[in-house]
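A quick write-up on the structure given underneath.
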Amino acid sequence: MTAALRIGNASGFYGDRFDAMREMLAGGELDVLTGDYLAELTMLILGRDRLKDPEAGYARTFLRQLEDCLGLAHERGVRIVTNAGGLNPAGLADAVGHLADRLGLPVRVAHVAGDDLTAAHPGSLAAHAYLGGFGIARCLRAGADVVVTGRVTDAALVTGPAAAHFGWTPQDHDRLAGAVAAGHVLECGAQATGGNYAFFRDGDVRRPGFPLAELHEDGSCVMTKHPGTGGFVDVGTVTAQLLYETTGARYAGPDVTARLDTVRLSQDGPDRVRIEGVRGEAPPPTLKVGLNRLGGFRNEVVFVLTGLDVEAKAALVREQLEPALAEVADVRWELVRTDRPDAPSEETASALLRLVVRDPDQQVVGRALSGAAVELALASYPGFHVLAPPGKGSPYGVFEDVYVPHGEVDHVAVLHDGRRIPVPPAHDTAVLEAVPQPPLPEPPEPGPTRRAPLGLVAGARSGDKGGNANVGVWARTDDAWRWLAHELTADRFRELIPESRELTVVRHMLPNLRALNFVVEGILGAGVAAQHRFDPQAKALGEWLRSRHLEIPEALL
């Protein structure tokens, strides 16, 4: 039997813990170390960097980490695979090669190209197709020690090394689907080891370690972490990450469509969770392309309203600013009642009135607004002050996704010796269709209930996908699952989350995980870069849901 492939993660986003790379290389056995640096917002940031400097466009943090760790990786025989190349994988690959030469290390560096479709989408700052893992696999099979990519799916950082190691082909759907599940759990780093976890008090998460997967030839794996590192790995932490930023039972990607409704989890010892049974299907006939463009300029100011007559004070300042806002394309006011009566501190006696403006013209949201707001300093409501004065107006981005046939993307593996090897598109594809909803479990026996927060019996994790948000909710026991599946309908979700009442909310059931996954369409507007709402990436939407009260059977409390 082929030995397990040990794949670790050292970065879940651009800005993650700098010393994680050394921690993972020095902390235990590894075959491959991955790093995920890209997100929808990151691509916009890198696009703006490239406007200033055509040689930029990649995650410079990775290069600084590698300067400290490349020798250690070479010494331990660990291959490094990362999407830190961003908009300029060739540039980062060259920089890594120069670094290796300077350090006197015989390191072979390859990269993956072909994802950049910006020229085909006029008006976009960055347009990049989400590639799969077989370009990575081709680089590794040719002997690369470091593989740099641009925009690939997060899971491709695992499917690529797995395909290279085990000799998988694009037709090995079940095996690839297992690797996708492993990659999806690994991709966000410490979120799999107790970070951002609903039941964080179950362990010590002050400094969670980074995760690794022991991946087997059949596609099954064990999720774990290096001995002695912080945090913890259990069925709950893995469930939470499996639900993160997904939609229904079919989790589509360029290599395979993984069936999340077939995933089976079991505790395999302390800090070890086995993932098995994942079924795979042919990928869709199209590739997702993420388009980032500049949407205009935004500005904001937060007025602090203290003490009595909060609503009257808010009405006054809105009326006073109305003439200055007449020409602004998009004006949003939000009164946040953080105040309480007879408060023991000035802060708890205060409410916040937030004004956000957007317009294609920077002048309209810049000096025109800031001047009008500042002029109110001595001429408005009693106690007038703001959290910070408004600025000149800053650019904001808009994200959308489109889809193109596989054949329209020139996926290329650029080997360490300069050879360019085309990676053929998937020939075996299937149009993505929704999975019929499984039957509901038997309802719980009737009994006394108590009004209490949902989070006492269910965990949640939420995130963003373009303008949509997903909220995964899971139960920790079979009895709680039977109640949750019947109680938390899409209508009940809308009732608990008032922002969603006028939006489309789709509920997906995943009984193997004792989980429900809700997709709230359009709640994030034009995506995170547009900062449409207070929590623009919906990171805490799940925690808000868990805090809402409803009638819960006393037997579960």
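All residue numbers in this chain count up from 1 along the given sequence.
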Measuring from atom [atom1] of [X] to atom [atom2] of [Y], what distance do you get when rounded to the nearest 0.5 angstrom?
{"X": "E214", "Y": "L212", "atom1": "CD", "atom2": "CG", "answer": "6.5 Å"}
{"X": "Y244", "Y": "N196", "atom1": "OH", "atom2": "CG", "answer": "8.0 Å"}
{"X": "M24", "Y": "T34", "atom1": "CE", "atom2": "OG1", "answer": "8.0 Å"}
{"X": "T42", "Y": "D49", "atom1": "OG1", "atom2": "CG", "answer": "10.5 Å"}
{"X": "L516", "Y": "L243", "atom1": "CG", "atom2": "CG", "answer": "9.0 Å"}
{"X": "T153", "Y": "D255", "atom1": "OG1", "atom2": "CG", "answer": "6.0 Å"}

Keeping the roles fixed (side chain from [X], backbone from [Y]), state whether a donor-acceptor pair exists under 3.5 Å.
{"X": "E23", "Y": "G209", "value": "no"}
{"X": "N83", "Y": "G150", "value": "no"}
{"X": "T237", "Y": "V233", "value": "no"}
{"X": "T262", "Y": "R279", "value": "yes"}
{"X": "H184", "Y": "Q241", "value": "yes"}
{"X": "E40", "Y": "G466", "value": "yes"}
{"X": "D36", "Y": "L38", "value": "yes"}
{"X": "R22", "Y": "D68", "value": "yes"}
{"X": "S462", "Y": "G542", "value": "yes"}
{"X": "R141", "Y": "H165", "value": "no"}

Seminar exercise, completed: Which of L87, V409, N292, V152 passes side chain to side chain contact (heavy atoms under 4.5 Å, CB included) with H128? It is L87

Exercise. According to the interplanar angle, ranging from 0 to 90°, do the rings of Y197 and W474 count as parallel (below 30°), tilted (30 to 60°) or perpendicular (above 60°)?
Worked result: parallel

So [Y] and [X], do their side chains get closer than 4.5 Å, heavy atoms only?
{"X": "I7", "Y": "D31", "value": "no"}
{"X": "V414", "Y": "V112", "value": "no"}
{"X": "L33", "Y": "M21", "value": "yes"}
{"X": "R79", "Y": "V147", "value": "no"}

For this session: Please collect all salt bridge (Lys or Arg N to Asp or Glu O under 4.0 Å) contacts where either partner lies in residues 234-252, sequence neighbours excluded, each pair once.
Result: R250-E281

For this session: Just jot down the ring-ring contact (aromatic ring centres under 6.0 Å, His included) partners of F518, sequence neighbours excluded, or say none.
Result: F493

Problem set entry | Salt bridge D19-R207, side-chain N to carboxylate O under 4.0 Å | yes

Problem set entry | NZ/NE/NH1/NH2 to OD/OE distance under 4.0 Å, E29 and R6 | no

For this session: Would you list the pairs meeting side chain to side chain donor-acceptor pair (under 3.5 Å) in which at least one residue belongs to residues 407-425, sequence neighbours left out?
Result: D417-R419

Show me the donor-acceptor pairs, under 3.5 Å and distance only, between side chains in residues 130-137 and residues at least two apart or in other chains.
none

Seminar exercise, completed: In terms of heavy-atom contacts, Y37 and A84 come closest through CD1-CB, 3.6 Å

Exercise. After noting the C-alpha distance and the side-chain angles of D115 and R151, does the key distance pass the salt bridge (Lys or Arg N to Asp or Glu O under 4.0 Å) rule?
Worked result: CA-CA 6 Å; D115 61 300; R151 179 77 276 188; over 6 Å; no

Problem set entry | Set of residues satisfying salt bridge (charged side-chain N to carboxylate O under 4.0 Å, His left out) with respect to E67, sequence neighbours excluded | R102

For this session: For residues 76-114, pull every pair meeting ring pair (Phe, Tyr, Trp, His ring centres under 6.0 Å), keeping only residues two or more places apart or in separate chains.
Result: none

Problem set entry | Candidate pair N470 and N517, rule side chain to side chain donor-acceptor pair (under 3.5 Å), full reasoning | CA-CA 7 Å; N470 101 285; N517 210 352; 2.7 Å; yes

